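To keep things clear, I will list the structure first and then write my remarks on it.
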Amino acid sequence: ARTDLVLGMVLEPPHLDPTAGAAAAIDEVVYTNVFEGLTKIGPTGEVLPGLAESWEISQDGKTYTFKLHTGVKFHDGTEFNADDVKFSLERAIAPDTVNAQKALFAKIDTIEVVDPATVKITLKQPQGGFLYNLGWGDAVIVGSESVATNKEKPVGTGPFRFQNWARGSSITLVKNPDYWGEPVSLDKAEFRIIPDAAAAIPALLSGDVQAFPSAPVAEALDQIKADARLKVVIGSTEGETILSMNNKKAPFDNKLVRQAISYALNREEINAGAINGLGTPIGSHFAPHNPAYVDLIGTYPHDLEKAKALLAEAGLANGFSATIKLPPPPYARQGGEVIAAELAQIGINLEIIPLEWAQWLEQVFTGKDFDLTVISHVEPNDIDIYSRPDYYIGYQNPAFNKVIQELDATADEAKRKDLYGQAQKILADDAPVGFLFQLPKVGVWDAKLEGLWENTPIPANDLTKVKWTE
Amino acid sequence: MSALPAETVPPSQSFLRLALGNRSFVIGAVITLIIAGMALLSYVWTPYSATELSVLNKMKGVSAEHWFGTDHFGRDILSMIMVGARASIAVAILAVGIGIVIGVPLGCYAAATGGWVDEVLMRVNDLVFAFPALLSAIMITAIFGPGATNAIIAIGIFNIPVFARVARAGALSIWPREFILAARASGKGKVLITIEHILPNIVSLLLVQGTIQFALGILAEAGLSYLGLGTQPPMPSWGRMLFDAQTRMMAAPHLAIFPGLAIVVTVLGLNLLGDGARDILDPRLRRVR
Amino acid sequence: MTAYILNRVLIGLATLLLASIVVFGVMEVLPGDPAQLMLGMSGSPEALANLRAQMGLDEPIVWRYLHWIGGLLTGDFGRSYTYSSPVADLIRERLAVSLPLALMSLLLSTFIALPVGIFAAARRGRLPDTLSMGTAQLGVAVPNFWFALLLIYAFAVWLKWLPAGGFPGWNGGIWNGIKSLILPSIALALPQAAILARVTRSALLDVLGEDYIRTARAKGLPRGRVLRRHALRNAMIPVLTILGLQFAFLLAGTIIIENVFYLPGLGRLIFQAITQRDLIVVEGVVMLLVASVIVVNIMVDLAYAVVDPRLREAA
Amino acid sequence: MSLLEIEKLTLSIGNFPILRGIDLQLEKGEVMGVVGESGSGKSMTALTLMQLLPHGAQTGGRITFDGKDILHATEAEMLALRGDDIGMVFQEPMTALNPVKTIGEQVAEGIRWHTKASRADAESRAAAMLDRVGLPQSKFPLTRYPHQLSGGQRQRVVIAIACALKPKLLVADEPTTALDVVLQKQILDLLRDLVDERDMGLLLISHDLAVVAEMADHITIMRHGEVIESGETSAVLTAKAHPYTAQLAEASAHVPSNRRSIPPSALPGISPSRGDIGPSSNVQRPLGAQSHQEHIKQTSPVRTAAVQSPFSLHEGEMPGRAEGGVTLPPLLTVQSVTRDYAGRRTGLFSREKPFRAVDDVSFTVHPGQSVALVGRSGCGKSTLARMILALDRPSSGSITFDGHRLETSKDRDLRDARRNMQVVFQDPYGSFNPRHRVERLVAEPLHLLQTKPSREERRALVSKALDDVGLKPADMNKYPHEFSGGQRQRLSIARAVITRPKLIVADEPVSALDVSIRAQVLDLFAELNERLGVAYLFITHDLTVARAITDEVMVMHDGRIVERGETHAILDHPQSDAAKALVAAAPDLDRALAARAARINAAC
Ligand SMILES: Nc1ncnc2c1ncn2[C@@H]1O[C@H](COP(=O)(O)OP(=O)(O)OP(=O)(O)O)[C@@H](O)[C@H]1O
Ligand SMILES: Nc1ncnc2c1ncn2[C@@H]1O[C@H](COP(=O)(O)OP(=O)(O)OP(=O)(O)O)[C@@H](O)[C@H]1O
Ligand SMILES: [Mg+2]
Ligand SMILES: [Mg+2]
């Protein structure tokens, strides 16, 4: 069977150090392939052991003792041990850290090296998702010798080592013969950067690229499905796609107006127009594949009369004008266009303003200068963003904040699930934003290829189990 | 030639009569008028609304109800082409206009002045030129925001050095001619000479360049729209339609074919018009063949 | 001649200096914070501040400009914000694609355009002329990404002769590199060829009316030979001018084609750098482009002199 | 059998007949002169011989060359003939050579093509041929480009190309029109030598009877695409059997109405009321109507003054023309004017030393005076004229016109001076913007008036000016290309007189015109001088012109004025070498005929 693979990806990572950058593309290349953390997230979002063979949690939920694998070597030949864990995590929580997910580690109090194969982490207070957090790409273990050059030449402990990066073109990984764990079956994997949607289709059809785990080909799916050599796998992502409203700004500070908008949205049509109907409708900010998911889609059914009535109640019977700022992805641009047409039906005239990412981040996300926007929030389990004090949406509800606080301090699964459910319901009712759909993951790959993830619990292309069947 | 008795030459004719006698001008004018008429008609009537979505009706092929089919939002392509003509033509014409209004005087000035002024102007020209059109457009829209106006400005700026070059080269070839000396002997200054003698003689050069730039302008608008910087939705433009069609080209070729044809026909019509106008404007070519 | 070249080079340097100021200024007013962009939606304010400091973005503008210019003089283009690798390396990598691509399309467009232009001029006013010039007009009017996609479907998806896109690098063998540039260079060359063919034809027609063409024919030389030996060289000046302009365009104006073929060229580098606010890369590439336009202009002028002995002395 | 026989040759382009049945015969070793007015079809006849006609030309009749039927020859057969058996010297030496190829290449090309000789072989033959036409290798290597040669030298290269393969027939189309008289003589001598040496047939096309009389054994006179008369040269030219031949002869020797003042309306040819000023009517104009002259002599005060005018110009302080005994100040004073052109750069810091085109020139022109500036091509005449017209500034010296200092004034302050000073250019076609109508073109100097005339006034002024030069007011709606060469020259003059200037500088105003039109234009100049009292500075290398209409001549050589004085005095008894050379080289019909007669007599 073949042992090489070319994968397509839309965005090129800016660099290859997952502990020093937010870009998902970094993790999509190196996570679990090159770098490993203490724990590891599995294909369905479960927490699996990584470099830590096992762990113990103290009664009060504050102390975690990790037993590390032994005989693990970094790609540069240096030994992996507890010192590297301490180094990596302390680097992540340092005041001058450039780790993009500093919040993941906010609860860590101390990191102690018990012996070379044992690490003890003490938290300031119990944290329910701590093991999950350690499974993020931002929490992988790096070697102190190689940390300075990881951006260009990543050195980790994983089953693949970095070979070459032709910037703008492709990144090549090769099998690590000295891997401590189960050996992988691929000898070589090339991540090819194909930013243009129109180019992705022929790349797949011609066989130049054998797998496109997140293919921008929603519109051409029929054509690809017609090709027997290719397999199309529609999975889900952690991307809750929402119509964000500026809750601090009139008239969106009025719940009636937000509800009116929610009634006016025809999710089916938006889903069809934005991503060819591949998304899963959502009624709150929660991924449907998550065990704690509560179906709230029915909260605001498509009902123009009700929408108009609510607007009238809010004193805006004649509608109003506003802007909708759209970032570059097609789901946002096309979805925004459909939304604008729909809201026009209840008298809300939207001026469409497409923005580049840089501008969107500056104006909308940081500057909070917007009325409406369409955006997918791709971090896993991120319902807590609605409780953040200075978040761009500007939504504040003490009841909701309380639920989130409790969640944070709860490790018990059943209780957490219940709390998640409460949070979802509050949000659905308050309608701080219009909930649209869960962003699908359109995976296309060679029918003879197996082992690729169907869903995207976290950004990653885990190649450890990937192999050609013939 | 010199000995031809004056009577054998047809007397100077009115512009209209000359125009009607020029085949390429007439064909070009008819095409251009049809396109322009279509754009104007779209203000009062289109077969369907060009902006109303009907997503469930999307990407339908050519049919009796929708002559050109429907797009990915289920809009009627014929209606979109009619409405899109406005934006595409307006952007292209205005951008060419900016190029001419600024570039031609610059080029003429450089040619008339010569020396270091010429040198400096031409180097600045190179500088603008070094920056590919699409990039300067991206920068401009990045600073001032996207939209048709900024697209016009961005494409227009790119046109400036083009026309400056053409005008300068043309003017440089006219300046040494004897009739310029005659005009100087009549006490006319550089400005007047440029207006009265240089410009009429470089008109044909500019016309030809203008039609080329027009075609490029429509395509540049398309390119900008592709990057989300051109005409803003929901207003359609031919360029946006083409780019929207890109990913669906194999699934629904009509999405690309009709706007593509609209561009090709318009450009062809304008080129014919330009070629014809050039012949008509040159009195030496007016004699019947 | 040497003095002339020296003079041009000096003026070129002055232009570069001007360009550096303009570019730097434009970059300053470009909205969007590169550090923010790198952190995306998840970055904390401290992380942002740290990153800004690390990138040197908190220094005063004049200092940064001087620092940058000083670096340029020593060949140091700075470090890319996004790639965090030296800009000079990035440019070098991209040039390895863009330069061959530009040259290939230039050659291709010349090889298509000159014969077509000559052919049309030789049969002026007749059917072949009308047909080839009509095709040329179409060539200008057809959007090139459109044409590019057709090429990909025909030669990569259907015939499977050539790759659909991508660039394997020159280490993987010269032929592999060239193979991946064939379709893009065709897509780039065709509209260029259309313009060039029109220019060639009209320049030739101008020349064919000249008296010395009649002199040459009076020597008993056949038409074709007269066209090639006498007319062509005289018609070269407008053709060379257009070629010079095309080269400047081909070097970095090919974003869309680079996108369609996902080639790591200069055009995409600068496009990406602008959208990601990788200012230092934008500045570096622009300087390179301005420099190349200046060099190409000088070369075109020298080529004029080679073609036309009268200009040899004027220069 | 004759070398060349042309029978009933007809030619039309489009539906426009150009040649209407030409008959012509030429023997080996014979020179046949073809003369006729401009546009009579001379060049077309030559091109028909070569089968190099423009698009859309249709021929009829028969041409036999050396037994071959040329009109029905295939292109391949013609390729074999062209350049090998028939050589052609084209009308315009300046443009007949390819600017981007060396002269060696261009001469050797035909040799290589026809004889399949090696490059080296062909080049040595080319070198020999160039040497033969007076371009020796030592001074003019094969690697020269055309632009590095003067007009006369280029003309010789064209002759070398045409004669390179020792053709049996050489067609020379106006081989000397653009050259000054001294060069003209050299070229004609060369052609004659080639004929004698190789027993070549020469078809010499010219509109200059004197040239033809000197060169040709037989002559064919053409007009309107027809042969008017032909035969042995001296016989035809002395008998002047056909009235047109007589007219041509007269026109070519025409010394116009120097002091004869004939209002244009009195001349049938340029009568505004008749409207048609085609060349066909011009040549029928009776020249030199004595009775008129006598009449006007008594009524024209200006004329009287002119006759009295004493010319003693030597110190540049000649008393002005006296009118009623008053001495007028000079109109134009040129004082020690020098003009240097910067030399070419040869290195970073070195330049060639500057080229002095005009060298310490001083003279004056008085109101109403007509002065000729003669000299060989390139001696600095046009440069001087440009400075006088304030289109160029002298390197040193001063120019005063009508009380205005020209060399120091700003363009803006020159308006007054310019109003009184106008120019007539050498190339009338080139001096008009082809895109403007006559009304606008002729009105151009009105820009100089202080008060802008209204549209009606302007039209009135233009129609007056057109009337002055014998054109119809209705012509103001035409474009310049709709006129004949002579008419265009008149337009050019109309433009010059519209502001009623005191001085007209005319730079080679007639060198591009054929004899009959030239006669007509010269008359017009003389007449305007009489009627309007305009002073002239005539720049020319043609002594006949100088003799015809000027009171005084200045001879220029290498940037300096080497001789000046009353026209007849200088032309009859030149003192300086430069003047002598000019006078000696000037062709003269009577002299040529006399010489020919003498030769024939001697041969008998
Ligand atoms: N290409 C052409 N198409 C139409 N008519 C032409 C063309 N070339 C020349 N003619 C006409 O043919 C006639 C004869 O021209 P030709 O050149 O033979 O005159 P010519 O006797 O040589 O005059 P000149 O002394 O001015 O050279 C003129 O009336 C001219 O206008
Ligand atoms: N711009 C210039 N730069 C350098 N040399 C020049 C320039 N213009 C003219 N000359 C030279 O100056 C000399 C005089 O030129 P000018 O045009 O005055 O001659 P001319 O007497 O009018 O000759 P022609 O009878 O041929 O018109 C020539 O040798 C010419 O080569
Ligand atoms: Mg002729
Ligand atoms: Mg001159």
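Numbers restart at 1 for each chain; the letters A, B, ... are given by sequence-line order, proteins then strands. Because the structure is predicted, anything quoted here is derived from the model rather than measured.
Interface with chain B: from residues 270-283 of chain A, residues A:Ala272, A:Gly273, A:Asn276 qualify, criterion being any non-hydrogen pair under 4.5 Å.
Neither the backbone nor the side chain of A:Glu342 has a heavy atom closer than 4.5 Å to any heavy atom of chain B. Only the side chain of A:Gln223 comes within contact range of chain B, judged by heavy atoms closer than 4.5 Å. Heavy atoms of A:Ile201 lying under 4.5 Å from chain B belong exclusively to its side chain.
With a 6.0 Å radius and a threshold of 12 heavy atoms from other residues, nucleotides or ligands, A:Lys231 has its NZ atom above the threshold.
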